[in-house]
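Beneath this line is the structure, given in structure tokens, with notes to follow.
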2 protein chains.
Amino acid sequence: MNAIIAGPAFDGDERGDERLSTIIVAGQRPLAGCSWGMSLPDALGWGAMEPNTPASSNSTIPADHPGVSELFAVLAYGEISAFYRLSEDAQMARTLEGKVALASMAAAEMGHFEMLEHALTARGFDIYEAMDPFVRALDNYHASTTPSTWLEALVKAYVGDGIAADFYREIGHSLPAEAAGTVEEVLSQTGHSEFVVHEVQRAIAASNRDKDRLMLWGRRLLGEAITQAQFVLAQREALTDLVISASGDLNGVVALFDRMQKMHAERMAVLGLV
Amino acid sequence: MNAIIAGPAFDGDERGDERLSTIIVAGQRPLAGCSWGMSLPDALGWGAMEPNTPASSNSTIPADHPGVSELFAVLAYGEISAFYRLSEDAQMARTLEGKVALASMAAAEMGHFEMLEHALTARGFDIYEAMDPFVRALDNYHASTTPSTWLEALVKAYVGDGIAADFYREIGHSLPAEAAGTVEEVLSQTGHSEFVVHEVQRAIAASNRDKDRLMLWGRRLLGEAITQAQFVLAQREALTDLVISASGDLNGVVALFDRMQKMHAERMAVLGLV
């Protein structure tokens, strides 16, 4: 069961039409050299790798694993880029309340950034140098998912943030205690979303057309997020090793992406996008 | 000594060339119907008013003075508008570190906004309705002081925020304990400015031309801030009454604006703009 993008891994999935294979096609720019039919391990050149023994419930990952700092760095740049997308998207708000809601979400991102800056400094890293390798993938994600309407901006703020948080939380659980604590703390304060849920639910109750558009938009957000995650993993060996170690083995990585897909579907359902 | 904009009140001031009369001329759009030669009390139609007895050190202002909620509301909209100006100005940053510095300052504004939202809600006000009367003046301030360079953005972030904080802190000291505490708390967290000081000092050490431009820019920021403060005070009776009560009398208001001018000069000096 090495296929994550297409293949038999999802044959038993009851949400056949929500398969990652389908969702990813909604994305726009496939990773250069990576066809849509290729599995994630193949795309990453892991075809011949043997699965490791799954990690025990107590972390088997050493505290100084170089992937931990890379995880903090990609999280940190994610916060900065989300801050600027949210504050720019807020210009589309139809009310001052809407502008405030997105500004509050953006401000929370900066609080998380500062925690990560402390954590990276404590590990002896300069945060700006550490973030540099991740700028391109995250900027690409935002450039390829620039909302064209206020409702798209709201769904992106809620769903996009959620996809990233799921991924980091899944990895975070398997990290050594201190690093796990940092990840948990960074992810714990993503509130301010009641406004988004309320606005989206109200809009789609009034318009099936909006609902259809936003359902497609949600798929595209997931597809683009996974495309860029692949890009990052293909480039950063230490981070990739951390993700595999945290997941136990390659099957664990596949299961992780599968859980992310399920959590995404649940989030879409909260917005009424089912 | 009723003149704040021009006149003998500043004759004894050792910084003759830094007079408000001079500074205000650097502003762009005088308040309609208010000539530059007019005193603030005259502009507000207070010419015939008798000074009150100054307030004692224990506040004589009732906790339910309607001006307190207006003060919270103008502070709150100030935070929102500063958030959006800072995050937009950050696009001019030449480095990621610069973008982060302005984003952190913007995020701090939202923390203050949330405190004010709680305070206004506790007083039975809807913050969006309460802010509405102040939108125009604050939007005008930002529209007339849109930075055209990264250095202007930095000076505005530091100096503009400082002018507003001085004003609110001066009024805050005279408020009843609970309201004074809210104002103090809102103003206490304006940090993140070391980056600005360092960047501006470095730039002006390298260029006299930049220094000259930024000195004029600082004057213009003060002039525009006072123009818009006049506009607000001329429109909001309860807030004006609060400012006079907090200052003791009209002479106290004049002294307050004089102290603001001195604090502005000190802040400019910290940046090396003397």
Side-chain angles (χ1 to χ4, degrees), chain A residues 73-118 120-121 125-136 138-139 142 186 189-192 194-195, chain B residues 73-118 120-121 125-136 138-139 142 186 189-192 194-195:
Chain A
V74 66
L75 253 168
Y77 189 69
E79 304 290 354
I80 298 295
S81 56
F83 173 90
Y84 281 107
R85 293 315 312 175
L86 285 168
S87 53
E88 200 164 306
D89 292 348
Q91 305 299 332
M92 287 188 281
R94 287 170 290 200
T95 62
L96 188 51
E97 195 176 355
K99 286 185 85 165
V100 168
L102 258 62
S104 295
M105 294 173 88
E109 311 279 1
M110 289 312 296
H112 305 160
F113 173 82
E114 283 159 20
M115 289 178 205
L116 291 160
E117 187 172 23
H118 292 146
L120 278 165
T121 304
F125 286 89
D126 174 85
I127 194 168
Y128 297 99
E129 284 174 24
M131 291 191 300
D132 194 57
F134 306 107
V135 168
R136 186 171 151 205
L138 284 161
D139 285 357
H142 287 296
V186 164
Q189 296 175 14
T190 49
H192 307 289
E194 307 80 6
F195 174 84
Chain B
V74 66
L75 253 168
Y77 190 69
E79 304 290 354
I80 298 295
S81 56
F83 173 90
Y84 281 108
R85 294 314 312 176
L86 285 168
S87 53
E88 200 164 307
D89 292 349
Q91 305 299 332
M92 287 188 280
R94 287 170 290 200
T95 62
L96 188 51
E97 195 176 355
K99 285 185 86 164
V100 167
L102 257 61
S104 295
M105 294 172 88
E109 312 279 1
M110 290 312 296
H112 305 160
F113 173 82
E114 283 160 19
M115 289 178 206
L116 291 160
E117 188 173 22
H118 292 146
L120 278 165
T121 305
F125 286 88
D126 174 85
I127 193 167
Y128 297 99
E129 284 174 24
M131 291 191 299
D132 194 57
F134 305 107
V135 168
R136 186 172 152 205
L138 284 161
D139 285 356
H142 287 296
V186 165
Q189 296 174 15
T190 49
H192 307 290
E194 308 79 6
F195 175 84

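Per chain, numbering begins at 1; letters A, B, ... match sequence-line order.
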What heavy-atom pair brings [X] and [Y] nearest, and what distance separates the two atoms?
{"X": "B:Phe195", "Y": "B:Gly98", "result": "CZ-CA, 3.4 Å"}
{"X": "A:Val74", "Y": "A:Leu138", "result": "O-CD1, 3.7 Å"}
{"X": "B:Met131", "Y": "B:Ala73", "result": "CG-O, 3.6 Å"}
{"X": "B:Ser81", "Y": "B:Asp139", "result": "CB-OD1, 4.5 Å"}

Checklist line | Flag side-chain contact, heavy atom, 4.5 Å: A:Thr95 against B:Tyr128 | finding: no

Which region of [X], side chain (C-beta onward) or backbone (N, CA, C, O), has a non-hydrogen atom less than 4.5 Å from a non-hydrogen atom of chain B, or is it both or neither?
{"X": "A:Glu79", "value": "neither"}
{"X": "A:Ile80", "value": "side chain"}
{"X": "A:Glu117", "value": "neither"}
{"X": "A:Ala103", "value": "both"}

Item checked: Most contacts with chain B, counted as non-hydrogen pairs under 4.5 angstrom, among A:Tyr77, A:Phe113, A:Tyr84 ->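 Top option by heavy-atom pairs under 4.5 Å: A:Tyr84.
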
Next item on the list: For each of A:Glu88, A:Gln91, A:Met110, tally heavy-atom pairs with chain B at distances under 4.5 Å, and name the one with the top tally.
Entry: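 The candidate making the most pairs under 4.5 Å is A:Met110.
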
